[in-house]
Undergrad: 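Here it is, the structure, as structure tokens.
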Amino acid sequence: MIRDDETLELLLDSVRRFVRAQLVPAEQEVDRTDEIPSRLVEGMKELGLFGMTIPEEYGGLALTMEEEVRVVFELTQTSPAFRSLLGTTVGIGSQGLVWDGTAEQKQAWLPRMATGEVIASFCLTEPEAGSDAASLRTRAVRLGDHYVLDGTKRFITNAPYAGLFTVMARTDPAQPGAAGISAFLVDAKTPGIVLGRPDRKMGHAGSHTCDVVFEGCRVPAANLLGGVEGQGFRTAMKVLDKGRLHIAAVCVGVATRMLADALRYAMERKQFGQAIAEFQLVQAMLADSQAELYAARCMVIDAAQRRDAGEVIALQAASAKLFASEMCGRVADRAVQIFGGAGYTADSGIERFYRDVRLFRIYEGTSQIQQLVIARQMMRAAQA
Ligand code: COS
């Protein structure tokens, strides 16, 4: 764990320099080829970024939540696809194991996750279970010392190169909701796993999702997360609370970059004999973006500090994700507007961000799910 500001600043500075020198110049190439060059993946490994959230005893950096979001603010001032490659391993793919796994399960996977050798993916969503995650149908039937998994998971980020899937499956068919769900650690090499074709998406070129189909997939009973049935949904929800805060930080990072690009363009671009930044209508777009970005950043830092202090932050994480992702969409829209015709062309780069950021209002819970979580938390608190 980084416990002093000086060490944290060194890490932030290394990430900042890596983003500027290596990632930003590769953005167009990644967009064109739909691949992240291996040299950049190696660079992320060397910085220890795959181990950001893994405990030190397993070789990770064990960042606090505040440290993590501050690293993310830096790492995402470029195409979000770069963060996506490590996002599942540091987030939704690993944190259930870190919190609820047995010592043997952690030892089996976390050291190789920390180095980036094993990519972890999180398998919750299904064709018929998106926002209503507790209605998932993938079954896990116990047969002796194994469970047999059958079902289809959808839109699974990093599935094409995952080494480990954390899979939520129903172990108790008599329980239709959350209570019948358990989590499993499934080695991607297990027979009975079939990957679908990578999804064709609106944005995030270089980051890949696909179906993961389990057909009679025999998983050792020892791979039941924590060795306890019926805890899988709760684990998934805890993972998503943290994941949502992480995504809110991603939104802040990407919006920071888009606004910097829009400001630079507005100060350079001349119309009617002066820089367009001198026009008050353009200033309004810049100012609104700056104010909203500042608000989102403050929310993310506050929620992270609360989490580090031991508070349950379901409400704050959902609020930060809701506000930051909607803010990011508005900033992207204004940035394209400031770039004008140039913003609509692929060469500007802003068009790419505009497409990329649309996902933030959807994944790890839509804006509507965040609203639902916030309102439920409010009502619960009022009843207590
Ligand atoms: N932390 C810990 N436990 C939680 C929790 C949280 N944040 N939220 C819910 N739970 C627990 C509840 O306490 C409950 O357990 P008990 O019955 O023992 O009390 C259980 O989980 C079921 O909770 P709830 O009744 O609220 O479940 P719902 O079916 O109503 O679903 C929502 C809740 C809609 C919030 C959930 O399905 C959800 O987040 N959907 C969106 C899924 C998503 O984000 N998908 C993105 C793709 S994955 S990257």
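All ligand and atom numbering here is 1-based and tracks the order in the structure. Just so you know, these numbers use all the heavy atoms, side chains as well, and skip hydrogens, waters and symmetry mates. We're numbering straight along the sequence, starting at 1.
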Undergrad: With a 4.0 Å cut-off, would you call Arg330 and Asp333 a salt bridge?
TA: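 Between Asp333 and Arg330 there is no salt bridge, as every charged N stays at least 4.0 Å from the carboxylate O atoms.
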Undergrad: In sequence, state the C-alpha distance, the side-chain angles, and the governing distance for Glu42 and Lys45, and then conclude on salt bridge (charged side-chain N to carboxylate O under 4.0 Å, His left out).
TA: CA-CA 5 Å; Glu42 289 309 310; Lys45 288 181 185 173; 3.4 Å; yes
Undergrad: Are Arg307 and Glu66 ion-paired here, with the side-chain N under 4.0 Å from a carboxylate O?
TA: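 No, this pair does not count.
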Undergrad: Flag yes if more than 12 heavy atoms outside Tyr161 fall under 6.0 Å of its OH atom; otherwise flag no.
TA: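 Atom OH in Tyr161 is crowded, with more than 12 foreign heavy atoms closer than 6.0 Å.
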Undergrad: Classify the angle between the aromatic ring planes of Phe339 and Tyr265 as parallel (below 30°), tilted (30 to 60°) or perpendicular (above 60°).
TA: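 Parallel, since the angle between the ring planes stays under 30°.
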Undergrad: Please tabulate, line by line, the atom pairs linking an N/O of ligand 1 to a protein N/O at a distance below 3.5 Å, with the distance in Å to 0.1, or answer 'none'.
TA:
| from | atom 1 | to | atom 2 | distance (Å) |
| --- | --- | --- | --- | --- |
| ligand 1 | 7 (N) | Asp241 | OD1 | 3.4 |
| ligand 1 | 7 (N) | Asp241 | OD2 | 2.7 |
| ligand 1 | 15 (O) | Arg234 | NE | 3.4 |
| ligand 1 | 18 (O) | Arg234 | NE | 3.4 |
| ligand 1 | 18 (O) | Arg234 | NH2 | 2.8 |
| ligand 1 | 26 (O) | Arg376 | NH1 | 2.9 |
| ligand 1 | 30 (O) | Arg376 | NH1 | 2.9 |
| ligand 1 | 30 (O) | Arg376 | NH2 | 3.0 |
| ligand 1 | 37 (O) | Ser131 | O | 3.3 |
| ligand 1 | 39 (O) | Arg244 | NH2 | 3.0 |
| ligand 1 | 40 (N) | Ser131 | O | 2.8 |
| ligand 1 | 44 (O) | Arg244 | NH2 | 2.8 |
| ligand 1 | 44 (O) | Gly365 | N | 3.0 |

Undergrad: Name the residue from Thr190, Val141, Val219 that meets the side-chain contact (heavy atoms from CB on, under 4.5 Å) definition with Leu149.
TA: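 Exactly one pass, corresponding to Val219.
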